[in-house]
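Reviewing the structure listed below.
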Amino acid sequence: MFRTPTTSVGGNGGGIPLTTTTSAQSPNPSDTGDQSHHRSAASRAIQFHPAKPAIIDLFNLYLGRNGRHKSDDSIREPPNKTQKRVIALNRDIHIPPCDGQFLLDFEQLQSQFPGQEQLRAVLESVFVSMIIQCSGHAPRSEFLLFALRSLYSIGYIYWDSFLPSLLSSVTSAEMSHIESPNPESSLISVHGIGSPSQSANETSCTALSPVKSSIKDSPISSLRKLSCEMIIFAMEANLKPSTYADIFYHMMKWLVNLDHKALFEWLQKCLDVVWMLVDEKKCHVPFYELLRSGLQFIENLPDNKSLFTLILEVHRRRDMMAMYMLMLDQHLHCPTFGSQRLLSQAAINMIGESVPHPRYSPITYPSVLGEPLHGEDIAFSIQRGSVDWERAMRCIRHALRNAPSPDWWRRVLLVAPCHRPQPQGSIAGAVFSSDMICEATIDRIVELLKLTNSDVNCWQEWLIYSDIFFLLMKSGCIDFVDFLDKLILCITKEYNQEILKTNHVTWLLAQIIRIELVMTTLSTDSRRVETTKKVLSFHKEARPSDSNNPQNTLLDFITSCQTLRVWSLNSSTREYLNSNQLLKGKQIDEWWRQVSKGDHMMDYMNLDDRSIGMFWVVSNTMAQPACEMVLTWLTSAGHAELPGQNNEKITVMREVNPVPVSLMSGFSINLCLKLALQMEDVMFFGQHAPNIAMVETYCRLLLIYPHSLFRSHLSHLLQRNPETLNKPPATLLVLEILNYRLFSLYRYQGKSKPLMYDITKILSTLKGKRGDHRVFRLAENLCMNLIMSLREFFFVRKEGKGASELTETLNRVAVTNLAIIIKTRGIADVDHLLYLPTMLEQILTNSQHTWSDKTLCYFPGVLREALIGRVDKRGLAIQAWKQAEATVIHQCTQLLSPPDDPTYVMTYISHSFPQHKQYLCAGAWVLMRGHPENINSANLGRVLGEFSPEEVTANVYTLVDVLLCNIHLEIKHGHSLQDVISNVCGNLAHFIWKHELLPPDVLLLALIDRDDDPHALPIVVNLLERQELQQRINFYVANCGSSPEHWLQTGIFNRNELQKALGNHLSWKERSPTYFDDMAARLLPVFPLIIYRLIENNLTDLADRLLQFHSSFLHFYPLNFTFVRDILSYFYPHLPQNLIFRILSILDIKKTPFSESFPQHVNSSNNISPPLEYFTSLLTNLVNNVIPPLLSDKTNQSESTFKPQNQKPFYQIQDPGTHTQLILETTVIEILSLPITPTQIISSFVQIIISSHFQPKFNQSSCLMIQACGLLLAQLPVEFHTPLFAEVAHVIKESSWHCNGYGYVLLDPTWACEENTSTALGNMVALLHAFFSNLPHEWLEKTHLLVNQLRPVSSVGVLKIAFRIIGPLLPRLANAHTLFVKTLELLLSMMVDVFGKNSQQPSNPVEASDITDLIDFLQHVVHYEGEGGPVQTNSKPKADVLSLCGRAIENMRSDLQHLLSHLKTDIL
């Protein structure tokens, strides 16, 4: 490979990095000392060598100089006084002898001295000194050139030591020339005769910017010219690679720091040297070094044709190389917010979960070398109107329309410069500049104004936008004054005020007017008067039509509200206020006095439209009174008492109606903020337990404004009162809220993982605590839901180290969900893949569980390989039970024999062996002998209640193993299988449904984890179909209002009795009232796992029956949509069609946006692929609803691309979360449900994509169809990848374009369509790039299948197409070394196919020069991977990568080998 040189004065070559900026590294102190000692010793040897004066005199003689300088006369004699002083032949110094005599004189001189090698070193030192001093004298320069050639001819010049010494001395001379007050004498003083040359290590500390302003007509110019002439002569010989590197470094230093005001005589010579270095016939230096030298960035280029030609060639080669780094239609790749993989992880290094808010990279900007770049500096460097600017704007506009989570916004936003308290360093990560955010927010306002003016009811869109706008303004990413200026300019200049017909903008500003940054601007800022005028300029008279509509009422009075607020902020601006608006404010006060005083309180459940609107108005003017009114509504029914623990009473607020969402939606954000805090005071810190209405209202409030009001409850409540979670009632309430009301909010916020870690901490403190079952089991159930909701890789511990703190049950659930994630979504990041073994070790450290072969068969390979070797220890567990059985049965007989003896409970707990506690339930099972009445269930319940939660869990798992073992024994003894199973199910029902002794969710999970026993799963199905459970489910559904959409309920909620809701064990001693918790609801996260296990065991008929039996109940499962999507993907294509129909029935068909013809195609029994029109409609739907639209001209935006009626608040799309996710995932469900093969589906999509180029006018929507198709295919399971690659390979092989050259075959489709040059091949490559850009890292390993299907390659055209397809992936693999090497090896193998020694040559031989772009690209990507990111000036490839390249190069033709020789390991 081409390394940076490491030269010393000796013959080992040069050592200066080929960089435009060089940083000196701190060497090892001991090494530095040794090197300094050796250098000083060598310097003394040269300094005092007896031949040195003679050599100097010889050169002075032929140069016509007057002897040695006085400084040389004073040189001390060497210590050896007997050494003979020798001088050169005495000649007339005024008339230099003939140059031809020089060599004879030198040979006569050198014969007088022994030690030829030392003499050569002295000669080189003196020669370099003479060059420095005499370069400005033309005749002397000519002689020095002659002398150099002569001395080289007799072997007294070693280029690999002489040239680095010369160049190092030139650098020192240049620096001295600039610094010296007497430049004329500086060249002599800087390198006095006899002084040792500066080492290359010292030179390397000098950056490429030593001289730039004073070289014109100076001795330095002549010195550079002479040096170049000598280098040109030297390059006729074979130099070491390090010497070439040293030369290249200095040439680049001179060129990069060129003074454009002067034309230098050395410039042409320097360019000649550069061309010789990069000449492809010899390739002393790879041309790639010019690409990263910075030469193309010379400012104010001088008028020099040769230099211009070189720079032009650098630009051409750079652009050709960078092309392979970029995906086709790169500018269209943009987050869609349609999948859980919202953000590209490729451009960042994973730093674990411990770092708060790591910055993500929603988009990256390509550098001049094609590398993906991101960061604050990059964002601020993007020019308005550029392609990159438009791409950023597409992303932000799409986000404003589709409302991704606030977490996404927080990760990409930057504080505006005006709000930064002090100058600070650049913020790394993917960001958008404040100008971008400001422009996009204004675009969205204009868009909503247009819709409003066209009489489209888009009030919901305004509400959603105001929530995001509040977040953006509060975060400080928008300069409020700048925003107003630009908004006014847009409305007045672009739309002549015609677009501003309503007070929506005034209402929007009223929402943010109480933000501290805004209040400061309006009250104390020096620009407050001007800013206030601008705020008031948006006031409009309300429209007279439909004035009683709540929105119109609010908009009618909002100007008055804002005027009153401004009046209270600053007295200096009051003179500019409209007095009529101030008078109008009195109407608000009058209305409020009428409805808020006296015995008659406003009936919030029966407000007319005008009253609703007026209350919204009051929320903007008198937030605190309005807040107090809402709290009065919710507490108006008084209090009641419930029995508590230890004969204490619990006071509970009586139930009222919750505040309707329709009323709350118009509350000002300021009121909502106040209301949330004050409701928390009542709920968590008050004297009375809140009613369900208050809790429900509180939850609705947070759902309505997810961006403005979200708080992480556990940490938020602890901050408010550190003792909050030490009180069981408050803990239970917050856990119920999280599990049954705000679960979807946390998922939408991207806070499921942090919440899971917080809940894990609660579990870790409670799992060993005796008797605390209610809080523990609720937290465990919540954690189970959270784990099952995760659809991207997760850590089981927040800090990523140490054993898992999860319970045994949750550990097993985590492994199962991990399998689902990996198989249906893939592992997005390489670091996650590397962490997987550690994660499994953490999970399984304290677990003895093994998974059955049938389960492992469906696990993804990477997980199956890690688990398949675990030893099943059930036999040992049964053996341990047999050994302890006698003792356990004896103890259980005393404890559980009737009559009831509660006093023995504590005796048993105190005196039983700790290791025997896990056998209590197994012992009770044996004593029952099939008859539950044989045991004292009350005592059993008391003991289990006094156990710790994990001891109960251990009892459940042991019970399952014992009862399954006993079933086999009973059958072996001749009992009927049906009778045995029926008896077992009846006894288990006694345990969990009648006496409620055990947590049913844990028992069911324990049974399905023994699915390798043939009786376990039938028992589970029997338990789920029993009448006892059905009654509980019916009661739960009825109590929920028969709909999971709790926010729509307007009636009074019924509070379940604690015993009915949770039963004996789950409630135990904690008597706090329930709100939403129920034993039946605890089973919801278990159902999907049961269905998975039934399908794994080929019990699809039982799965079908169970889904039919509980289809209505599963509507309440908060992840039912995700469950349907993932189970279809997990088992694809093994599910029978009738089971697919049953799975689809879980969804609410009315709210699922299936295509119109989907029912027809999914019910088809002939396995014929639907027509292309069906697949085209799917892609069109994605283009219209998921893919960010192309809006290059915002003034001519088409509202047809945005359908306001489709935008719903997130809480109405709880699963999957956003409208774009709903559309995309619904399309995935459709595809996976079709009764046809993946090959048929892929073939249809490919036909649509390749047929686009036949369209007479290839418009932008067709380009977006490619993006939509790539996005969709990336969501499908890996079974679709192989047919996709086969189709692509077929298209490439069948295309005739590659036979006629590369040409315009692979232009970006968006550009090709403008020139009517789009091709099927170009569309296919663009499809692959869109597909790759949305794939998780793990699934990228399948790309080698495509390359293998293209081999053997026989033409350069196909070779370049393969590089064009795979090339953009390599930067993404920079931190995935194994996959990078594998991919690079495939590309090199394809090059060997075409340029191998034994390759069959085509009729028209292919020249190696035809693939210089590929060579440059290979140079670049190996440096990129070596750096682990964008190439730096000191980036180096990794050794094994160079070894790989070297092995491949050995198999290539000789004309190509030397072009790639720098990619082999150095041999210096």
Side-chain angles (χ1 to χ4, degrees), residues 603-605 629-644 649-664 672 675-676 678-704 713 717 727-745 774-775 778 781-782 1032 1035-1062 1066-1067 1070-1082 1084 1116 1118 1211 1214:
D603 183 2
Y604 63 98
M605 295 304 298
M629 175 64 79
V630 174
L631 292 175
T632 301
W633 293 341
L634 296 173
T635 59
S636 59
H639 306 90
E641 289 186 346
L642 296 178
K649 297 294 184 180
I650 300 175
T651 57
V652 181
M653 299 178 188
R654 289 193 177 96
E655 287 303 326
V656 295
N657 299 94
V659 181
V661 169
S662 58
L663 174 59
M664 297 169 62
C672 294
L675 191 56
Q678 294 184 36
M679 291 176 76
E680 287 172 354
D681 290 337
V682 176
M683 292 163 52
F684 299 106
F685 314 118
Q687 297 179 350
H688 312 292
N691 51 27
I692 298 177
M694 177 171 290
V695 178
E696 175 66 26
T697 301
Y698 172 77
C699 295
R700 292 177 181 182
L701 199 65
L702 298 182
L703 294 177
I704 292 173
H713 280 79
L717 293 175
K727 302 173 182 178
T731 304
L732 288 169
L733 175 55
V734 72
L735 290 177
E736 284 200 40
I737 289 174
L738 294 173
N739 201 29
Y740 299 109
R741 285 298 185 263
L742 300 183
F743 175 78
S744 62
L745 175 63
R774 183 173 172 187
V775 174
L778 178 56
N781 195 261
L782 169 58
R1032 290 182 176 272
F1035 180 75
Y1036 172 75
V1037 172
N1039 200 53
C1040 291
S1042 302
S1043 172
E1045 297 177 331
H1046 58 87
W1047 58 88
L1048 296 180
Q1049 297 185 42
T1050 57
I1052 295 178
F1053 282 82
N1054 295 319
R1055 188 190 299 273
N1056 281 348
E1057 294 181 13
L1058 179 61
Q1059 190 67 28
K1060 286 185 177 180
L1062 297 179
L1066 292 180
S1067 59
E1070 177 53 55
R1071 311 313 298 170
S1072 298
T1074 61
Y1075 294 86
F1076 316 111
D1077 199 9
D1078 190 275
M1079 183 189 296
R1082 298 278 186 95
L1084 285 171
F1116 289 84
Y1211 60 86
Q1214 294 200 33

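The structure displayed is predicted, hence computed values, not measured ones.
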Should we count CD of Gln1059 as having more than 12 external heavy atoms under 6.0 Å?
yes
Short side-chain to backbone donor-acceptor contact, Arg1071 and Ile650, under 3.5 Å
no
Before giving the answer on side-chain contact (heavy atoms from CB on, under 4.5 Å), spell out for Glu1070 and Thr731 the whole-Å C-alpha distance, their side-chain angles and the decisive distance to 0.1 Å.
CA-CA 12 Å; Glu1070 177 53 55; Thr731 304; over 6 Å; no
Sequence neighbours excluded, which residues qualify as salt bridge (charged side-chain N to carboxylate O under 4.0 Å, His left out) partners of Asp1077?
Arg1082
What's the shortest heavy-atom distance between Ser744 and Gln1214, and which atoms?
OG-OE1, 2.6 Å
Correct closest heavy-atom pair for Asn691 and Glu655 would be CB-OE2, 3.3 Å
Grab the two heavy atoms, one from Arg774 and one from Ser1067, that are nearest each other, plus how far apart they are.
CB-O, 3.9 Å
Arg700 side chain vs Val659 backbone, donor-acceptor pair below 3.5 Å:
yes
Would the distance check show the side chain of Asn1054 and the main-chain N or O of Asn1039 forming a donor-acceptor pair, the cut-off being under 3.5 Å?
no
Is any side-chain heavy atom of Thr635 closer than 4.5 Å to a side-chain heavy atom of Val656?
no
Is Leu1048 close to Val661 at the side-chain level, that is, under 4.5 Å between some pair of heavy atoms?
no
So, using side chain to side chain donor-acceptor pair (under 3.5 Å) as the criterion, who are the partners of Glu1045 when residues are at least two apart?
Lys1151
Mutual orientation of the aromatic rings belonging to Phe1116 and Tyr1036 [parallel < 30°, tilted 30-60°, perpendicular > 60°]
perpendicular
Nearest heavy-atom pair of Pro658 and Thr1050: which atoms, and what distance?
CD-O, 4.2 Å
Between Phe685 and Leu717, is there a side-chain heavy-atom distance shorter than 4.5 Å?
yes
Name all residues meeting the ring-ring contact (aromatic ring centres under 6.0 Å, His included) criterion together with Phe743; count only those two or more places apart in sequence or in a different chain, and write none if there are none.
none
Once you round to the nearest 0.5 Å, how far does CG of Leu642 lie from CZ of Arg1055?
7.0 Å
Rounded to the nearest 0.5 Å, what separates atom CE in Met683 from atom CD1 in Ile737?
3.5 Å
Sequence neighbours excluded, the answer for ring-ring contact (aromatic ring centres under 6.0 Å, His included) partners of Phe1076 is none
With rounding to the nearest 0.5 Å, note down the distance linking OG in Ser1072 to CG in Leu733.
9.5 Å
Name all residues meeting the side chain to side chain contact (heavy atoms under 4.5 Å, CB included) criterion together with Ala640; count only those two or more places apart in sequence or in a different chain, and write none if there are none.
Arg654
Provide the closest heavy-atom pair for Arg1032 versus Lys1060 in the form atom of the first, atom of the second, distance.
NH1-O, 3.4 Å
So, using salt bridge (charged side-chain N to carboxylate O under 4.0 Å, His left out) as the criterion, who are the partners of Arg741 when residues are at least two apart?
Glu696
Nearest-0.5 Å distance that lies between atom CG in Leu778 and atom OG1 in Thr1074
11.0 Å
Taking atom CG of Asp1078 and atom CZ of Phe1035, what is their separation to the nearest 0.5 Å?
7.5 Å
Would you name the heavy atoms of Pro660 and Tyr604 that are closest together and state the gap between them?
CD-CD1, 4.2 Å
Can any side-chain N or O of Glu736 pair as donor or acceptor with the backbone N or O of Tyr1075 at less than 3.5 Å?
yes
Please report the interatomic distance CE(Met664) to CH2(Trp1047), rounded to the nearest 0.5 Å.
13.5 Å
